[in-house]
Structure formats: structure tokens, C-alpha cells
Amino acid sequence: MDQAPGSPQEPQGAASLPTCYRHPDRETGVRCTRCERPICPECMISASVGFQCPECVRNGSGTGHAPDAAQPRTLAGGTVAADPRLITKILVGLNLAVFLVQLSVGDRFTDSFDLIGRAYVPILGSVEGVAEGQWYRMVTAMFLHGSYIHIAFNMLSLWWIGGPLEAALGRARYIALYAVSGLAGSALTYLIAEPNQPSLGASGAIFGLFGATAILMRRLNYDMRPVIALLVINLIFTFGWSNIAWEAHIGGLVGGVVIGYAMVHAPRERRALIQYGVCALVLIAVVVMTLVRTGQLT
């Protein structure tokens, strides 16, 4: 029997599918296993059983999901930030601010916080150094610079290398890499350099970023030639010019390579444990070198 014009296409009273609670224009037959609200394919997030909606996942109310389960992650497992260069900007600003203090206060400020093993400092009128219990110098020296060229070169390198690396690792891992690499450079300088040789600059930490960047580019199968060329140029300056603490550069580079490898190659299931565990091992090496040298100088 032919259907009369204007008659319904389906029997009256037939039930229609519910619509997604986040997209009312989309019909769906799937519901969140936690709150039972209808969800479309775009809103479905896999759970241990069935699917869950984004709100239940974010609130941590699902089965087996952490509250940040729906958040995107970097290659190294870090959280993707709205400003991926924030820490790099802060580091550049901090170094510039400290340099302005150096210019304002003068050598007394610099000699109070640079890295020196153990020596009499005339401007301070006393024996100073890490061996005298001033271990903070291994950190503060990382933010001091000796000239306009010194800080300009370091900050340009930090901005060029640090920004992309921060975006790839995430903030927490980037801070760990920068800090531990810088300390590795300070420790090797303290261990090998003459005790009365002052050292300062962010170069140790920046060489650590160079090393980690090389590991990252290798992991992503990128062209290694630009970063290798830049690293070679820096090493030529390191060993070709006088008054450069090559120990800080080499110590930071080795620390950056070791930590960078752990950051980008750690297996997903125990990634954070391996990444921060390797950082801890490098810190232990820093402590050992510091204690050995302190024993030699006291």
C-alpha cells in the first residue's frame, strides 16, 4: 500500500536515540559508565570497562583513570603548558636581573657568590670558597656573568636551545635538567680546577641543554648537523680561549646527555621513576665529587 503524502516515515510513538549531553545535535547509544550520561564518539574516553565522559575523567571519578588522564602530554611525559617557554623566560630574566645587580654593586657582590674552591679574597678580606662550607657558590655561580659578551652569548644560546627543549620535556623535567646539569658543571670545576680560580656563568647548564637537545633530535630522527655544528663551535671556544672554565662545559654536557637520554628513552610504564632516578644519580655524583675535593682542600 502506497504511503499518502505527508504521512509519517515511521510508526507513531517510535523512540529516538538520546543526544550527547555535550553535543545536543548528535544522537548516540553510548552512555558514560560512571554517570550514565549519553556521550558521542568525540566525548568517549576509554575506561577499564566501557567509556567515560570527559568530566568524570577530569574529576578522577572513573575506574583506573587519574584526574589528568585526558590532558595531552609531551614526548617525555610532561604536561603541555599554555606557555611552553615560561621557564626559559624566567631563567633569562633571572640571569639578566643578577647581572644588573653585579653592575650596580660591583666586584664585592660577584666575589661573594662566584665559584671558587678555597682562596684568600682580598676584597672580602678572608679565605673564601666551597671548601670553607660555602656550598651555595655552586648554585649562585650559575647566575653570574663576567661581561656583556658573556651574558649575551649565554642568554641567546639559552633562548634558542631552551625554549624548544622546554616544550618537548615539560616544565618540571626541564627545570630538573637545567639545575642538575649546572650543578654537574660546578662540581667538575670544583674537583679539577685550581682552588683559587674563580668560575661563573650559566654555561654548564646551557651545555647540558645542548647535550639533551642532541639526544632528543636523535630520538626524533631529525637532522643532527645544526646542533652538532653549534656544539663543535662552542667546544672550540671552550678550549681555544683563555679564562673559560672548560670543566663546567664538559661537566654540564655529560650531565645533560645522561639526563636527556633518560628523559626521552624511559619506558612509559615507569617513565617518571627512571627520569628522576637518573637525575638523583647525577646529583649523587655531584655530592661525591664535592666531598672528595673538600677533603683534599681541608
Side-chain angles (χ1 to χ4, degrees), residues 85 87-117 119 121-124 128-130 134 136-166 174-175 177-213 227 229-256:
R85 287 178 176 259
I87 302 302
T88 300
K89 293 175 183 177
I90 292 174
L91 289 172
V92 171
L94 184 58
N95 278 276
L96 292 174
V98 173
F99 186 66
L100 290 177
V101 174
Q102 289 182 257
L103 295 178
S104 301
V105 178
D107 291 341
R108 186 176 185 86
F109 176 83
T110 302
D111 290 346
S112 297
F113 296 102
D114 61 7
L115 177 60
I116 190 168
V121 181
I123 198 171
L124 300 178
E128 303 285 324
V130 178
Q134 300 171 348
Y136 59 84
R137 288 176 177 268
M138 298 180 67
V139 178
T140 55
M142 294 163 51
F143 298 93
L144 300 173
H145 290 84
S147 66
Y148 289 104
I149 294 178
H150 189 197
I151 191 169
F153 189 81
N154 275 351
M155 292 306 99
L156 287 174
S157 298
L158 175 57
W159 182 257
W160 187 68
I161 293 290
L165 191 58
E166 179 184 349
Y174 178 70
I175 292 173
L177 169 67
Y178 187 92
V180 178
S181 296
L183 286 172
S186 294
L188 190 63
T189 302
Y190 178 49
L191 179 67
I192 297 178
E194 293 296 326
N196 62 343
Q197 173 187 314
S199 175
L200 70 171
S203 302
I206 292 172
F207 265 76
L209 301 186
F210 272 118
T213 297
V227 70
L230 187 59
L231 182 58
V232 169
I233 292 173
N234 276 273
L235 290 174
I236 290 174
F237 281 117
T238 296
F239 292 101
W241 284 15
S242 60
N243 298 324
I244 291 182
W246 62 266
E247 301 92 344
H249 294 188
I250 299 303
L253 178 63
V254 173

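Note: hydrogens, waters and symmetry copies are ignored here, and every other heavy atom, side chains too, is used.
Each of D114, N196, D111 was scored for a side chain to side chain contact (heavy atoms under 4.5 Å, CB included) with V121, with one residue passing: D111.
G208 approaches L177 most closely through the heavy-atom pair O-CD1, 4.2 Å. Of all non-hydrogen atoms in N95 and Y178, the two that sit nearest each other are ND2-OH, 4.1 Å. The shortest heavy-atom contact between E247 and L188 is O-CD2, 3.3 Å. For the residue pair M142 and A205, the shortest heavy atom distance occurs at CE-CB, 4.5 Å. Of all the heavy atoms in T88 and G163, the pair that sits closest is OG1-N, 3.6 Å. Between F143 and V139, the shortest heavy-atom distance links the atoms CD1-O, 3.5 Å.
Interatomic distance, S186 OG to L200 CG, rounded to the nearest 0.5 Å: 10.5 Å. Atom-to-atom distance recorded for S112:OG and L124:CG is 4.5 Å, nearest 0.5 angstrom. For the atom pair CD1 of I116 and CD of Q134, the computed distance is 9.5 Å after rounding to the nearest 0.5 Å. Note that the CG atom of L103 and the NE2 atom of H145 stand 12.0 Å from one another [nearest 0.5 Å]. The CG atom of L144 sits 9.5 Å away from the CD1 atom of I151 when rounded to the nearest 0.5 Å. With rounding to the nearest 0.5 Å, the separation of CG in L94 from NZ in K89 is 16.0 Å.
Qualifying ring-ring contact (aromatic ring centres under 6.0 Å, His included) partners for F210, counting only residues two or more places apart in sequence or in other chains: F207.
Considering only heavy atoms from C-beta on, Y174 comes within 4.5 Å of L91 through its side chain. Taking 4.5 Å as the limit, some side-chain heavy atom of L209 sits within range of a side-chain heavy atom of L158. Looking at F109 and V98, their side chains come closer than 4.5 Å, going by heavy atoms from C-beta outward. A 4.5 Å side-chain heavy-atom check between W160 and L156 finds every atom pair outside the cut-off.
Screening residues 97-109 for side-chain hydrogen bond (donor to acceptor under 3.5 Å, both in side chains) gives Q102-T110 as the qualifying pairs, with residues at least two apart or on separate chains.
Applying the 6.0 Å contact sphere to OH of Y136 captures more than 12 heavy atoms from other residues, nucleotides or ligands.
Between the side chain of R137 and the backbone N or O of G117, no donor-acceptor pair lies under 3.5 Å.
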